[in-house]
There are 2 protein chains.
Amino acid sequence: MGNGSKAPKNGRNAPTIADVAARAGVGIGTVSRVINNSPAVRPETRAKVQAVMEELGYVPNPHARRIAGGRSYTVSVLLPFVGTEFYLRLLEGIEAELGEQRYDLALFPLLSKQRLERFLSSSALAYHTDGLIVASYDLAERFPGGRLPTDRPVVMVDARSEAYDSAYLDNALGGRLAAEHLLALGGPVFAVQIEEELDRAFASTVFSARIGGFREALAQAGVPLPEDHVFRTRLSAEGGQIALQRFLELQRPPFNVFAAADVVALGVVEAAERSGLEVGREVRVLGFDGQPWTATRGLSTLEQPVETMGRAAARMLIERLQGTEGPPRHERFEPRLVVRSSTQTGF
Amino acid sequence: MGNGSKAPKNGRNAPTIADVAARAGVGIGTVSRVINNSPAVRPETRAKVQAVMEELGYVPNPHARRIAGGRSYTVSVLLPFVGTEFYLRLLEGIEAELGEQRYDLALFPLLSKQRLERFLSSSALAYHTDGLIVASYDLAERFPGGRLPTDRPVVMVDARSEAYDSAYLDNALGGRLAAEHLLALGGPVFAVQIEEELDRAFASTVFSARIGGFREALAQAGVPLPEDHVFRTRLSAEGGQIALQRFLELQRPPFNVFAAADVVALGVVEAAERSGLEVGREVRVLGFDGQPWTATRGLSTLEQPVETMGRAAARMLIERLQGTEGPPRHERFEPRLVVRSSTQTGF
DNA sequence: CTGAAAGCGCTTACAG
DNA sequence: CTGAAAGCGCTTACAG
């Protein structure tokens, strides 16, 4: 006797739902209901079961769940394979929301078109995941009919799509806010635009939307942005350094620089400091993204609610998985201007 | 009757092993053996079963396999979240080898120490994967005892570890080969070193090994490398552009530049071309990595067998999963010098 | 609110 | 070489 505390029979020595049920003196169905937060469990029963789960260190086996439930309880996240903090935070948000619903996340880096095709057409998709979250690229437009070749629900994040639910940032608005802020400071205005690498498989439109909004608001204020006031570079801090070099050849300080990404803005700041220029007074720098380190570097920026967008996307997908019908829904998020010392004279 | 061609009962309408068995007129055990390449199946039987699988479009359900087999048939791949082609190719290699053995791969981006701790300590590891492949960082040395807190097999790739099997490149050798090649060309020698970003959670030693070998071979040839002949930058093409600017302030062409990564070498080439300098004659540029695009750009480089290393790591892990015992094994790979127009006068 | 039972789609000894 | 059966650890109606 005392079977409740006997070593489980599986190789891993991990307790199973049966061990918990036996020790708690309930049926396995009840344990399952507790695990799945079913409301149809008496509080005392729930507490007892939870205590035993705790005591035994019980963790549900996700594979058993998948085969019994007939679903994978896993969501594919397709995202550009670039190591920016943005995707780190986006994943945190997605993962947090999915985790609360006991869903797993399978990362699929968008490395090449071939890989994407293979992924979508393969049996991997059919079996492995219940739905897709696609980050940053409107992949749908690359396929006939504007829909991905899958019957699983799809949600876009950091991109807008006509065909699917999406959680996206109003990048053009951010550009406009940037223009308003820099115009208020007075002085000439420059911008650093980020261009996609040529060999990259997919193209994002966020950077051009940001500069587009920027240019538009400047034009509305009667301040045109000459072509040589816009420097184009790939996404890197060194690109920002080079940009400032160019601007300094054209214009003596003080002047203002809007960089379409914080990483690039950081390079502008670095180059200014290295040139002995006072950032915030002689060169004012405004970034975009709101990365965590901008606070300590005193970099003004347009902050995006990245984690929130991630959670929103995950939530929409889960709703679809739970059967929500209807036309595509779009959640629009707004960037928030955060003013720090890089665009205001310290004192 | 005719149950062989009836619609399957699962929601997804996917045929199961039972459908295949019925239609092929064999037991499900036999179908399972065919799937798993068991030698204990008569060729004719195998052919018949395979034909039916083909006809029905049967794909085994990995989740069922996992629960019946008591293993996850999944390997965790922990890798830096940087979007370089290197990791793309490494993953291709790993995935190819794992796929042949019917193993899945779960990507785990090394974003922060917190996430790593959480991953290693969580039940995720216990259930989700049978083993780990760790890329580029010797994570083991970060833990007490020099071992990761897991009893699953671990293999390192693009890094060497005392505690685990590893497949790694001899980066120092690459640096030495680079030195020999550039010395043979004659003229002053410069180098671009890549430094890790400060905020990055983990540190790789590959770049310093490359420059270390380079410096060592130069010293042996009686050619010291002055400190101002080494430019340090983060990993970006723009960093290479800035490096060449600096070198041109110190030295008039012709001279030679060794960049510790192809991406940075590309920037050197771009800057040289923009300055009207003839690459290969006035500025000779040698990269490191052997990325696919170096061929079309005519960039000389030290090519690493990336896919091969990935496969080797995956193979070692699979062997461990199949029960291979013994001390850590180390597979050392050598870079190969590929000479193109960037280090030889075209004619 | 709860238990007992069937079933998810496989793998794996066990017999033949 | 092959089949029938047990079992993996869950979820889910189905009764009560």
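Letters go in sequence order (proteins before strands), and every chain restarts at 1. Just so we're clear, the structure is a prediction, and the values are computed from it rather than from any experiment.
- Minimum interatomic distance between A:T16 and A:Y58 (heavy atoms only, all atoms of both residues): C-CE1, 3.5 Å.
- Side-chain N/O atoms of A:R102 and A:N37 include no donor and acceptor closer than 3.5 Å.
- Atom CG in A:L56 sits about 14 Å away from atom P in D:dG9, given to the nearest Å.
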Requested in this report: Using a 4.0 Å cut-off on protein heavy atoms (strictly under), produce a 5'-to-3' string for nucleotides 11-16 of chain D with B for base contact, S for backbone-only sugar-phosphate contact, and - for none.
Outcome: BBB---
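- In this structure a side-chain-to-backbone donor-acceptor pair under 3.5 Å is present from B:R152 to B:T129.
- Ring geometry for B:H330 against B:Y168 counts as perpendicular: the plane angle is over 60°, on a 0 to 90° scale with 30° as the lower cut.
- Looking at DNA chain C, the stems built from 3 or more consecutive Watson-Crick or G-U wobble pairs, each pair with its key distances under 3.5 Å, are C:1-3 with D:14-16, C:5-12 with D:5-12, C:14-16 with D:1-3.
- Using modelled atom types and a 3.5 Å distance limit, the side chains of A:R66 and A:T74 yield a donor-acceptor pair.
- Contact between the side-chain N/O atoms of B:T30 and the OP1/OP2 oxygens of D:dT2 is not found at any separation under 4.0 Å.
- Taking for each of A:I67 and B:V41 the nucleotide of DNA chain D with the nearest heavy atom, the 5'-most of the two is the partner of B:V41.
- Under the side-chain hydrogen bond (donor to acceptor under 3.5 Å, both in side chains) criterion, A:R42 pairs with A:E44, not counting sequence neighbours.
- B:Y73 carries B:R65 over the face of its six-membered ring, with the cationic atom under 6.0 Å from the centre and within 45° of the normal.
- For the pair A:H63 NE2 and D:dC10 C1', the interatomic distance rounds to 12 Å; values are reported in whole Å.
- Salt-bridge annotation for A:R320 and A:E325: absent, with no side-chain N of the basic residue lying under 4.0 Å from a carboxylate O of the acidic one.
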